Trainee: 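Have a look at this one before I ask anything.
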Amino acid sequence: MLGVVRVRFAPSPTGYLHVGGARTALFNWLYARRHGGTFVLRIEDTDAERSSWDMVQGIVDGLHWLGLDWDEGPDVNGPHAPYFQSQRLEKYREHAQVLVREGKAYADEGAIRFKVPEGQTSFEDLVHGPVRFENEHIENFVILRSDGHPTYHLSVVVDDLDMEITHVVRGDDHISNTPKQVLLYQAFRRTPPAFAHVPLIMGPDKKRLSKRHGATSVMEYPRLGYLPEAMVNFLALLGWSPGGDEELFTRDELVSRFTLEGISGGNAVFNTEKLDWFNQQHMLRLPLDDLAARVEPFLRDAGLWSEEFRDGRRAWFLEVLALLRPRVKRVGQFAEDGRPFFEDAVQYEPDAVKKHMKPELREPFDAWRAVLMSTEPFEPAALEAALRRFAESGGVKAASLIHATRVAVTGRAASPGLFEVIVLVGRERTLARMTSALALFG
RNA sequence: GUCCCCAUCGUCCAGAGGCCCAGGACGUGGCCCUUUCAAGGCCAAAACACGGGUUCGAAUCCCGUUGGGGACGCCA
């Protein structure tokens, strides 16, 4: 069994999968994959009151979205099934009885408490180093409730033992629970697994991340237009470092570099601006076909999708995405920035009209429109050459004409390069928009 | 209150005694490119919490202070 790595992510289904839990799951998954080990998903639903099936589903959805697959767990099973603690109650009771029989635990008002021995309890934490507690600060804690359900300390130890977990990678908030669990391992005459307590994720105010900080459920992120590969990359580097200066990694690159020793000891602030940057960088690196698939749902929601984007106008569609891509931070933005391409009607921004559609430009604009009718080839370079030639001979500044044309064609003051835009919008639509824009001058 | 953890630029990290008058990234400011907005390139401002030790030498080791976080449930 030497060298075998078995880790687990053991959420309690009393809430959705938040970013902190997601990162813990990610670290476990990375460690398992790095060492060819096993990643177990175990549902800690011993608190029947607060657990719900919907929450289990929500957690599973979150892990799926991030691409974290498990080798053993609900719906895949494995040699240590079942993976719901609520279905393992008998094991916990038996273990509690053993401790009672050996005089290491006792009944108290219907519950069973563990008798904490004198002395001190310590363990070697892979991220914090040696940690030691005086047992006098640990009270005789309940291991089996009066309703027969185990408490966390008992179930987690029994299951980690039964499932042969070698490394417990979990949140820092469990560090003060650890001595109680170490005491249980000792009471069972078993060696505890290795522990690695990872620091918590905080909000910008350094307070524990909560809803008032914005999106804390991972499943809000796909809706907001974030790529799972960006989230994985961002989360991995929040509290962990591969050691060097590189920051942009694919999932596989993270797997090959991950070490528990690289986890830092202090809490980390969740920084949305940096997440945006990771998202942008990963979008920039996505194959266009792949990107198209991610954009589609957002276009559908905005009513801008056409089945032709799949076949007949596929190439055109991909060109539009490629043009828009450098200025998009979240996937949903393709629907916004793409309107001038995906929709025939143009919505004019009042400020843009006021700024660029000066009355004295009306005549030159109209004449340039006529030039555009016959410019060949209908390509960016040729169009630009035509405009500059026209501007020079007509005594107009090329920039003014470009700006007015941009507003006429896109309705906005900012867009990708005008000539690329015109080519993709097409000659007919461009001319039609310019014609109706004639009324906007002044 | 008790116990535990943590402490490098605003933020995330690098740094495991001399390579550091501290390096990268996000963000911020400036410049370049340029038809706008981005992207990209270049430059800049920006930190070793404080006080004691140890050492020839400390961001790195030890102690204390302060600050932040966490745990003290028949929740996990």
Side-chain angles (χ1 to χ4, degrees), chain A residues 10-15 21 44-47 49-51 85 108-113 125 127-129 131-134 136-139 141-156 170-180 197 199-202 204-208 234 237-248 261-262 264-278 280-281 284 323-329 333 337 352 355-356 384 387-388 391 397-407 410 412-419 421:
Chain A
S12 154
T14 53
E44 309 221 324
D45 56 349
T46 54
D47 183 354
E49 286 296 304
R50 304 201 304 156
S51 299
Q85 291 192 327
D108 174 41
E109 293 193 24
I112 292 179
R113 281 182 188 276
D125 192 284
V127 348
H128 296 287
V131 181
R132 170 190 303 222
F133 290 80
E134 296 294 333
E136 59 182 306
H137 293 127
I138 306 172
E139 59 164 2
F141 56 95
V142 171
I143 54 176
L144 200 68
R145 297 178 239 187
S146 47
D147 65 0
H149 281 72
T151 61
Y152 171 65
H153 301 298
L154 212 220
S155 59
V156 78
R170 71 214 320 187
D172 231 350
D173 48 339
H174 284 296
I175 207 161
S176 48
N177 289 327
T178 308
K180 295 178 183 170
H197 288 98
L200 272 20
I201 296 179
M202 319 299 274
D205 56 359
K206 304 279 186 78
K207 300 289 182 203
R208 208 168 180 166
F234 171 68
L237 263 46
L238 201 58
W240 171 75
S241 165
D245 282 343
E246 299 147 280
E247 301 208 273
L248 241 23
E261 291 70 27
S264 14
N267 293 337
V269 171
F270 191 90
N271 183 332
T272 311
E273 280 87 48
K274 191 142 189 185
L275 207 212
D276 280 343
W277 178 75
F278 274 112
Q280 186 170 42
Q281 294 300 320
L284 248 16
L323 190 61
L324 256 22
R325 161 149 92 166
R327 51 218 97 204
V328 166
K329 279 188 160 64
Q333 247 178 288
D337 297 358
K355 185 172 181 191
H356 296 295
E384 178 163 8
L387 179 136
R388 290 190 187 284
K397 276 169 65 179
S400 307
L401 213 44
I402 287 173
H403 290 139
T405 306
R406 168 176 293 109
V407 175
T410 69
R412 309 170 188 196
S415 81
L418 177 67
F419 304 102
V421 169

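Only a predicted model underlies this, so the values are computations on that prediction, with no experimental measurement involved. Just so we're on the same page: letters track the sequence lines, and every chain starts at 1.
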Trainee: So does A/His128 get a side-chain nitrogen or oxygen closer than 4.0 Å to the phosphate oxygens (OP1/OP2) of B/C6?
Mentor: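 It does, given that an N or O in the side chain of A/His128 lies less than 4.0 Å from OP1 or OP2 of B/C6.
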Trainee: Would you indicate whether A/Glu261, at its atom CD, is surrounded by more than 12 heavy atoms from other residues, nucleotides or ligands within a distance under 6.0 Å?
Mentor: yes
Trainee: Would you compute the distance between atom NE2 of A/His153 and atom NE2 of A/His174 and round it to the nearest 0.5 angstrom?
Mentor: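 It is 9.5 Å, given to the nearest 0.5 Å.
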Trainee: Does any nucleotide pair with B/G29 by Watson-Crick or G-U wobble geometry, both distances under 3.5 Å, and what is it?
Mentor: B/C43
Trainee: For the atom pair CG (A/Leu154) and OG1 (A/Thr46), what is the distance rounded to the nearest 0.5 Å?
Mentor: 10.0 Å
Trainee: With both distances under 3.5 Å as the test, what is the Watson-Crick or G-U wobble partner of B/U35?
Mentor: none
Trainee: With a 3.5 Å limit on both atom pairs, tell me what B/U2 is paired to, counting Watson-Crick and G-U wobble, or say none.
Mentor: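 Result: B/A71.
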Trainee: State the pairing partner of B/A49; accept Watson-Crick or G-U wobble contacts with both distances under 3.5 Å, and report none otherwise.
Mentor: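 For B/A49, the partner nucleotide comes out as B/U65, under the 3.5 Å rule.
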Trainee: Please give, in whole Å, the distance from B/U11 C1' to A/Asp276 CG?
Mentor: 14 Å
Trainee: So what's B/C19 paired with, Watson-Crick or G-U wobble, going by both distances under 3.5 Å?
Mentor: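 For B/C19, the partner nucleotide comes out as none, under the 3.5 Å rule.
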Trainee: Considering every strand and a 4.0 Å limit on heavy-atom distances, what is the contact class for A/Ser264: base, sugar-phosphate, or nothing?
Mentor: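 Sugar-phosphate contact only - A/Ser264 comes under 4.0 Å of backbone atoms but never of a base.
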Trainee: Show each protein N/O and nucleotides 69-76 of chain B N/O combination with a separation under 3.5 Å, one pair to a line.
Mentor:
residue, atom, partner, partner atom, Å
B/G69, OP1, A/Lys207, NZ, 2.6
B/G69, O2', A/Asn267, ND2, 2.9
B/A71, OP1, A/Arg208, NH1, 3.1
B/A71, O4', A/Ser176, OG, 3.0
B/A71, O2', A/Ser176, OG, 2.8
B/C74, O2, A/Ser146, N, 2.8
B/C74, O2, A/Ser146, OG, 2.9
B/C74, N3, A/Ser146, OG, 3.1
B/C74, N4, A/Glu109, O, 3.1
B/C75, OP2, A/Arg145, NE, 2.6
B/C75, OP2, A/Arg145, NH1, 2.4
B/C75, O2', A/Asp47, OD2, 3.1
B/C75, O2', A/Arg50, NH2, 2.9
B/C75, O2, A/Arg50, NH2, 3.2
B/A76, OP1, A/Thr46, OG1, 2.5
B/A76, OP1, A/Arg145, NH2, 2.3
B/A76, OP2, A/Tyr152, N, 2.9
B/A76, O3', A/Glu44, OE1, 2.8
B/A76, N6, A/Asn177, OD1, 3.3
B/A76, N6, A/Asn177, ND2, 3.2
B/A76, N1, A/Asn177, ND2, 3.2

Trainee: Would you call the rings of A/Phe270 and A/Phe234 parallel, tilted or perpendicular if under 30° counts as parallel and over 60° as perpendicular?
Mentor: perpendicular
Trainee: Suppose you measure atom C1' in B/U36 against the same atom in B/G24; what distance do you get, rounded to whole Å?
Mentor: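 Between the two C1' atoms, the distance is 32 Å.
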Trainee: Starting at CG of A/Asn271 and ending at P of B/C26, how long is that distance when rounded to a whole Å?
Mentor: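 Computing the A/Asn271:CG to B/C26:P distance gives 11 Å.
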Trainee: Calculate, to the nearest 0.5 Å, the distance between atoms CG and NZ belonging to A/Asn267 and A/Lys207 respectively.
Mentor: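 Reported value, rounded in 0.5 Å steps: 11.5 Å.
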Trainee: Measure from CG on A/Leu248 to C1' on B/C12 and round the result to the nearest Å.
Mentor: 14 Å
Trainee: Would you check if A/Thr14 and A/Glu44 make a side-chain contact, meaning some heavy-atom pair closer than 4.5 Å?
Mentor: no
Trainee: Output the distance between atom CG (A/Leu200) and atom CG (A/Leu238), rounded to the nearest 0.5 Å.
Mentor: 11.0 Å
Trainee: Mapping A/Gly265 and A/Gly239 to their closest nucleotides on RNA chain B, which lands nearer the 5' end?
Mentor: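 Whichever sits nearer the 5' end wins; that is A/Gly265.
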Trainee: Looking at CG of A/Asp108 and CZ of A/Arg113, how far apart are the two atoms once the value is rounded to the nearest 0.5 Å?
Mentor: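 Those atoms lie 4.5 Å apart.
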Trainee: Does any part of the side chain of A/Arg327, heavy atoms only, come nearer than 4.5 Å to the side chain of A/Pro416, both counted from C-beta?
Mentor: yes
Trainee: Counting Watson-Crick and G-U wobble pairs only, both distances under 3.5 Å, name the nucleotide matched with B/A14, or none.
Mentor: none
Trainee: Of A/Glu273 and A/Leu238, whose nearest nucleotide on RNA chain B comes first from the 5' end?
Mentor: A/Leu238
Trainee: Mark up nucleotides 31-49 of chain B, 5' to 3', with B wherever a protein heavy atom is under 4.0 angstrom from a base atom, S wherever such an atom reaches only the sugar-phosphate, and - elsewhere.
Mentor: ----BBBBSS---------
